[in-house]
Each structure stands twice: as structure tokens, then as C-alpha cells.
Amino acid sequence: MEKVRVTLNICGNDYNITTDEDPKYVEGLGERLNEDLSKIIKDNSRLSITQAAILAALDYLDEASKADSTADNLRGQIKEYLEDSARYKMEAEVAKREVERLQRELKGKDGKKPF
């Protein structure tokens, strides 16, 4: 995708962003940041935009870190499920061969198919 320029208004200041992301996506990020910073400043009017941005950044890093941890846990669970699936598939194949062997054995005793 080619680079596009997106203007974001955050806390009354315009920021020109050059990105190769979808402009609507970047605008959505800007809207969320504006809302979050506005809320932080509303809750504590003594904070500067910079201080509010630091607090917002800490919140975003916390969210990202927890999301990474959750993703790692999910990857681990999926790996275990795949390993279990492979083991059960192998066990099913062994059981199928055993059933076939037993059927041949029964057929060999009386000359009839057992099932």
C-alpha cells in the first residue's frame, strides 16, 4: 500500500501522520487517543498534555503486554491440543490395526467374517 497523509486532531492540536495503513484505521487510533487523553485531563486538570500522554502510553503498554501474554498462553494451549490430537490419531490407528488383526484372527478360526 502506498503512503498516505492523515491529519489527526488530538487535544486541539493537529498532527500530520504519514502512513501506509488504512487512513480510517489511523483516524480511529487518533480518535481513541484524543478521547483517552481528554478523559485523563478531565479527571485531573493539573496534568499537561505531555503528562496525560505518558499516562496513556503506560495504559497502552499495559494492555499490549497483557495481550502478548494472553497470546502466548493461547499459542501454548494450541500446541498442546495439536500434540494431543496427533497422539490420539496415532492411538486410533494402532487400535484400528488391532481390530483388523483380531477380525482376521477370528475369521481364520471358523472361516466366517466376524461382523
Side-chain angles (χ1 to χ4, degrees):
M1 188 173 197
E2 71 180 58
K3 300 256 184 205
V4 293
R5 189 175 188 154
V6 179
T7 301
L8 305 177
N9 186 289
I10 300 170
C11 293
N13 296 305
D14 286 339
Y15 297 90
N16 294 311
I17 308 295
T18 302
T19 181
D20 55 1
E21 296 288 343
D22 179 359
K24 294 291 181 196
Y25 172 74
V26 176
E27 289 167 0
L29 293 176
E31 288 172 11
R32 178 180 173 198
L33 180 58
N34 186 54
E35 289 169 7
D36 291 349
L37 291 175
S38 296
K39 182 181 180 322
I40 291 169
I41 291 169
K42 180 182 174 192
D43 290 346
N44 188 345
S45 60
R46 292 180 292 168
L47 292 178
S48 68
I49 292 175
T50 303
Q51 291 169 320
I54 299 263
L55 293 175
L58 287 171
D59 283 343
Y60 298 154
L61 285 171
D62 180 49
E63 287 177 20
S65 178
K66 288 176 180 173
D68 284 345
S69 178
T70 299
D72 287 343
N73 288 338
L74 290 172
R75 278 189 285 274
Q77 287 178 350
I78 289 170
K79 182 180 176 189
E80 288 177 23
Y81 294 151
L82 291 173
E83 290 169 353
D84 288 347
S85 175
R87 186 175 66 252
Y88 295 144
K89 184 177 180 181
M90 188 173 25
E91 289 174 5
E93 286 296 320
V94 169
K96 181 180 175 185
R97 286 193 299 271
E98 180 65 12
V99 166
E100 290 169 354
R101 185 190 68 76
L102 291 171
Q103 285 177 338
R104 283 191 309 274
E105 186 179 306
L106 283 172
K107 185 178 178 187
K109 288 186 178 187
D110 60 13
K112 297 179 184 174
K113 191 169 183 175
F115 300 104

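For Asn73, the side-chain contact (heavy atoms from CB on, under 4.5 Å) partners at least two apart in sequence or on another chain are Ser69. In this view, Gln51 and Leu47, Ser48 satisfy the side-chain contact (heavy atoms from CB on, under 4.5 Å) rule, not counting sequence neighbours. Partners of Gln77 under the side-chain contact (heavy atoms from CB on, under 4.5 Å) rule, at least two apart in sequence or in another chain, are Leu74, Tyr81. For Asp84, the side chain to side chain donor-acceptor pair (under 3.5 Å) test picks out Arg87, with sequence neighbours left out. Glu35 meets the side-chain contact (heavy atoms from CB on, under 4.5 Å) test with no other residue; sequence neighbours excluded.
Apart from Tyr88 itself, the hydrophobic cluster it occupies contains nothing, where clustering links Ile, Leu, Val, Met, Phe, Trp and Tyr at side-chain heavy-atom distances under 4.5 Å. In this structure, Ile78 shares a hydrophobic cluster with Leu82, the cluster being traced through Ile, Leu, Val, Met, Phe, Trp and Tyr side chains under 4.5 angstrom apart. Other residues sharing the hydrophobic cluster of Ile41, ordered by chain and number and joined by side-chain separations under 4.5 Å: Ile49.
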Please list, one pair per line, the donor and acceptor atoms closer than 3.5 Å that link side chains of residues 57-65 to other protein atoms, with sequence neighbours excluded.
unit_1 : atom_1 : unit_2 : atom_2 : d
Tyr60  : OH     : Asp36  : OD2    : 2.5
Asp62  : OD2    : Lys66  : NZ     : 3.2
Glu63  : OE1    : Arg32  : NH2    : 2.9
Glu63  : OE2    : Arg32  : NH2    : 3.0

Give every donor-acceptor pair under 3.5 Å between a side-chain atom in residues 2-13 and any protein atom, sequence neighbours left out.
unit_1 : atom_1 : unit_2 : atom_2 : d
Thr7   : OG1    : Asn16  : OD1    : 2.7
Asn9   : OD1    : Gly12  : N      : 3.3
Asn9   : ND2    : Asp14  : OD1    : 2.8

Donor-acceptor list for residues 18-25 side chains, cut-off 3.5 Å, not counting sequence neighbours:
unit_1 : atom_1 : unit_2 : atom_2 : d
Thr19  : OG1    : Glu21  : N      : 2.9
Asp22  : OD1    : Lys24  : N      : 3.1

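Tracing side-chain contacts under 4.5 Å through hydrophobic residues (I, L, V, M, F, W, Y), one reaches Leu37 starting from Ile17; they form part of the same cluster.
Interatomic distance, CD of Glu98 versus CD of Glu91, reported as 13.5 Å (0.5 Å rounding). For the atom pair CG (Leu29) and CD (Glu27), the distance works out to 10.0 Å, reported to the nearest 0.5 Å. Note that CD1 of Ile40 is 13.5 Å distant from OG of Ser45, once rounded to the nearest 0.5 Å.
Listed by first and then second residue, the salt bridge (charged side-chain N to carboxylate O under 4.0 Å, His left out) pairs involving residues 40-51 are Lys39-Asp43 (not counting sequence neighbours).
The pair Lys89-Glu93 does not count as a salt bridge, with every side-chain nitrogen at least 4.0 angstrom from each carboxylate oxygen.
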